[in-house]
Amino acid sequence: MASGDSKPPRVEGVGHFSLRHSLLGPSLFKAGQDKVDQNKVGEIIYNASKGSKFFKHEEKRDEQLTKRIEIILRRKKHLESLDLSSQIRRVDEEIAALEASRDLSQIIVHVDCDAFYASVEELDRPELKEVPMAVGGGVLTTCNYKAREFGVRSGMVGYIAKQLCPQLVFLPPSFHKYTAKAEEVREVLVKYDDRYEAASVDEAFLNITEYLEDHKDMTPDQVVEQIRCEVLEHTKISVSAGIAPNARLAKVASNQNKPNGQFCIPNDRETIMHFMRTLPVRKVNGVGRVFERELDAVGVKTWGDVFALRGILSKLFSEKAWSFLLNCYLGLGRTYIHPVAEYERKSLGTESTFKDLSGPRPLREKLRSTAQELEKDLLAANLAGRTVTVKVKLHTYQVHSRQKALHRSIFSAEDLYNYALPLLQELEEEPSPVDEAEAP
DNA sequence: CGGATCGAC
DNA sequence: CTATGTCGATCCG
Ligand SMILES: Nc1ncnc2c1ncn2[C@@H]1O[C@H](COP(=O)(O)OP(=O)(O)OP(=O)(O)O)[C@@H](O)[C@H]1O
């Protein structure tokens with residue numbers, strides 16, 4: 001396609017720009033990895049991906065999204081032709097109400113371990129600190145910062161990572177080690193807020209308002225400095241942290257100075273509004289590649305852009321989405337933090353991907369084994385489920401699922417299999433499955 | 001309720 | 001010749 005064609009090469013480049021951007025992965029953007037030559041990395045990933053079945057699937061998704069965006073833009077054009085002044089008044093009242101509820105009394109901290117799985121592995125094998133290293137095989141779960149200099153990222157396929165960085169060392173994950181190390185980290189956190197909230201294995205929110213009350217000689221930054229030092233001493237793991245009046249901002253802040261750094265967004269309305277004004281939408285949790293593109297299409301690149309478009313945006317997106325936008329624009333978020341223990345889990349499932357096999361017999365074997373796997377997990381968690389879901393991934397990467405609400409709770413492999421089988425058979429109508437999963 | 005999609009880690 | 005696994009939230013029919 002390089003020559004002989006009347007189509008200038010630039011057109012193709014532009015046509016695939018968003019796809020290229022998404023192939024680069026979110027982390028490249030979420031945490032400002034400046035050292036990497038993004039263009040070169042993008043080039044390598046693009047060329048390595050081009051032509052694969054996975055890539056074709058991504059192209060299809062990208063095309064679909066482009067269509068959806070066209071619809072959004074048409075609706076926007078229509079809205080622009082209307083008189084929105086009363087709508088804008090309503091929004092302004094909404095803003096005033098939110099503003100009145102703004103709570104700047106709490107000091108929330110988000111703690112995030114740096115390259116967690118990789119860091120834990122480096123403790124066992126310190127020589128790995130000096131070389132690019134990743135945890136995972138087919139797909140990387142994470143990598144150390146040496147590897148990130150080459151553009152290697154979480155969620156990347158191993159062979160592409162290898163192309164970006166031929167010296168990359170791969171380690172298989174050992175999850176038990178990570179959960180054990182996470183416990184050690186929490187032993188420190190609990191001293192600063194005994195009702196800290198574990199957000200994932202390597203992240204937690206703390207409310208240090210009380211701690212500050214009891215240590216009036218310390219600033220929030222000093223307390224967090226101390227937390228990070230203590231975690232490092234106690235566990236040899238370095239962590240980054242964000243300090244802010246609410247969880248949403250604390251999370252953004254913790255990404256600002258990583259690795260091994262911290263950032264404080266002070267409890268001051270003006271400072272917060274100023275910070276949000278230029279903050280790219282994607283930096284906030286909940287905005288992924290799809291929402292980012294939709295927002296970009298309607299003219300919202302940073303949170304400050306929301307205000308000028310408030311009349312239109314409030315009609316363009318769902319109520320939930322609009323409320324989310326408004327809260328982000330204002331820099332509002334959750335100000336209460338509590339342990340996740342007092343919380344009901346909603347689902348438990350297991351899934352695995354395997355090579356193409358379409359014969360229905362082997363497929364049933366797979367169903368039986370995943371049912372057994374699931375029974376094990378359910379017993380370990382002492383749970384049973386009232387809904388069974390069967391998920392199948394085709395060789396095209398298309399995913400289909402069938403679920404059924406039951407009259408009673410089940411947990412045995414036998415029951416799981418029996419209830420799941422008819423669902424699988426419905427799905428078998430579709431051609432050549434690769435994969436399956438289950439959840440109650 | 002059921003299915004698909006999005007997003008996080 | 002190669003693209004994960006697990007979970008929660010949301011939207012829509
Ligand atoms: N796409 C993914 N698939 C599976 N596991 C993931 C994925 N992304 C992250 N993880 C796991 O969750 C852990 C925490 O992820 P997180 O996004 O906080 O990044 P990190 O590896 O800790 O690095 P850093 O926070 O310094 O950027 C990681 O160590 C990683 O192994």
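Here is how names work: the chains are called A, B, and so on, in the same order as the sequence lines, proteins then strands, and each is numbered from 1. On a predicted model such as this, the values are computed, not experimentally measured, just so you know.
For dA3(C), its base sits under 3.5 Å from the side chain of Ser49(A) at one donor and acceptor pair at least.
Put simply, CG on Asn327(A) and CD on Glu94(A) are 9.0 Å apart, with the number rounded to the nearest 0.5 Å.
For Glu351(A), the salt bridge (Lys or Arg N to Asp or Glu O under 4.0 Å) partners two or more places apart in sequence, or in a different chain, are Lys391(A). Looking at residues two or more places apart in sequence or on another chain, you find a side chain to side chain donor-acceptor pair (under 3.5 Å) between Thr66(A) and Arg293(A). Every residue meeting the side chain to side chain donor-acceptor pair (under 3.5 Å) condition with Arg289(A), not counting sequence neighbours, appears here in chain and number order: Ser22(A), Glu58(A).
Across all strands shown, Lys251(A) has heavy atoms under 4.0 Å from sugar-phosphate atoms exclusively, and none from any base. Here Thr389(A) lies out of heavy-atom contact (under 4.0 Å) with every strand. Across all strands shown, Glu203(A) has heavy atoms under 4.0 Å from sugar-phosphate atoms exclusively, and none from any base. Residue contacts shown for Gly349(A) are limited to sugar-phosphate atoms, with no base heavy atom under 4.0 Å away. Among the atoms of the strands shown, only primed sugar atoms or phosphate atoms (P, OP1, OP2) are found under 4.0 Å from some heavy atom of His400(A). Among the atoms of the strands shown, none is found under 4.0 Å from any heavy atom of Arg293(A). Across all strands, Phe291(A) comes closer than 4.0 Å only to sugar-phosphate atoms, never to a base (heavy-atom distances).
In the set dC9(B), dT4(C), dC6(B), the nucleotide with an atom closest to the side chain of Val290(A) is dC6(B). Picking from dG3(B), dC9(B), dG5(C) the nucleotide with the shortest atom distance to the side chain of Asp202(A) gives dC9(B). Side-chain proximity of Ser200(A) to the nucleotides dT4(C), dC9(B), dG7(B) is greatest for dC9(B).
Mapping Glu426(A) and Arg68(A) onto DNA chain B by nearest heavy atom places Glu426(A) at the nucleotide closer to the 5' end. In terms of position on DNA chain C, the residue among Ile160(A) and Glu351(A) whose nearest nucleotide sits closer to the 5' end is Ile160(A).
Look at OH on Tyr178(A): it is 16 Å from P on dG5(C), rounded to the nearest Å. A straight line from NZ of Lys355(A) to P of dC1(C) spans 9 Å, rounded to a whole angstrom. Atom-to-atom, CD of Glu58(A) to C1' of dA3(C) comes out at 9 Å; the value is rounded to the nearest Å. Taking atom CG on Asp62(A) and atom P on dT5(B), their separation rounds to 14 Å, with Å as the unit. What separates NE2 of His57(A) from P of dT4(C) is a distance of 11 Å, to the nearest Å. Atom NZ in Lys56(A) sits roughly 14 Å away from atom P in dA3(C) (whole-Å rounding). The distance from atom CZ of Phe205(A) to atom P of dA8(B) is 13 Å, rounded to the nearest whole Å. Straight-line distance from the CG atom of Leu65(A) to the P atom of dT5(B): 12 Å, rounded to whole Å.
The separation of dA3(C) from dA8(B), taken at their P atoms, amounts to 24 Å, rounded to a whole angstrom.
Just one residue in the list Leu232(A), Leu123(A), Asn260(A) forms a side chain to side chain contact (heavy atoms under 4.5 Å, CB included) with Ile237(A), and that residue is Leu123(A).
Contact annotation: Lys393(A) reaches the phosphate of dT4(C) (side-chain N/O to OP1 or OP2, under 4.0 Å). Residue Tyr159(A) has no polar side-chain atom (N or O) positioned under 4.0 Å from OP1 or OP2 of dA3(C). Considering only side-chain N and O atoms, Arg402(A) lies under 4.0 angstrom from the phosphate OP1 or OP2 of dG3(B). Taking only side-chain nitrogens and oxygens, Ser401(A) comes nearer than 4.0 Å to OP1 or OP2 of dA4(B). A close approach under 4.0 Å does occur between a side-chain nitrogen or oxygen of Arg61(A) and OP1 or OP2 of dC6(B).
Sorted by first then second residue, the side-chain hydrogen bond (donor to acceptor under 3.5 Å, both in side chains) pairs that include residues 107-120 of chain A, not counting sequence neighbours, are His110(A)-Glu203(A), His110(A)-Ser254(A), Asp112(A)-Lys258(A), Asp114(A)-Ser238(A), Asp114(A)-Ser240(A).
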Which letters describe nucleotides 8-13 of chain C, given B = protein heavy atom under 4.0 Å from base, S = only from sugar-phosphate, - = neither? SSSS--
For residues 167-183 of chain A, which side-chain N or O atoms pair as donor and acceptor with protein atoms under 3.5 Å away, sequence neighbours left out?
unit_1: Lys177(A); atom_1: NZ; unit_2: Glu121(A); atom_2: OE1; d: 3.0
unit_1: Lys177(A); atom_1: NZ; unit_2: Asp124(A); atom_2: OD2; d: 2.7
unit_1: Tyr178(A); atom_1: OH; unit_2: Glu121(A); atom_2: OE2; d: 2.6
unit_1: Tyr178(A); atom_1: OH; unit_2: Ser174(A); atom_2: N; d: 3.1
unit_1: Thr179(A); atom_1: OG1; unit_2: Phe175(A); atom_2: O; d: 3.2
unit_1: Thr179(A); atom_1: OG1; unit_2: His176(A); atom_2: O; d: 3.0
unit_1: Lys181(A); atom_1: NZ; unit_2: Glu184(A); atom_2: OE1; d: 3.1
unit_1: Lys181(A); atom_1: NZ; unit_2: Thr235(A); atom_2: O; d: 3.1

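The closest side-chain heavy-atom distance from His400(A) to Leu394(A) is below 4.5 Å.
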Test Arg148(A) against Arg153(A) for side chain to side chain contact (heavy atoms under 4.5 Å, CB included), laying out the working first. CA-CA 6 Å; Arg148(A) 293 185 198 196; Arg153(A) 291 293 180 277; 3.6 Å; yes
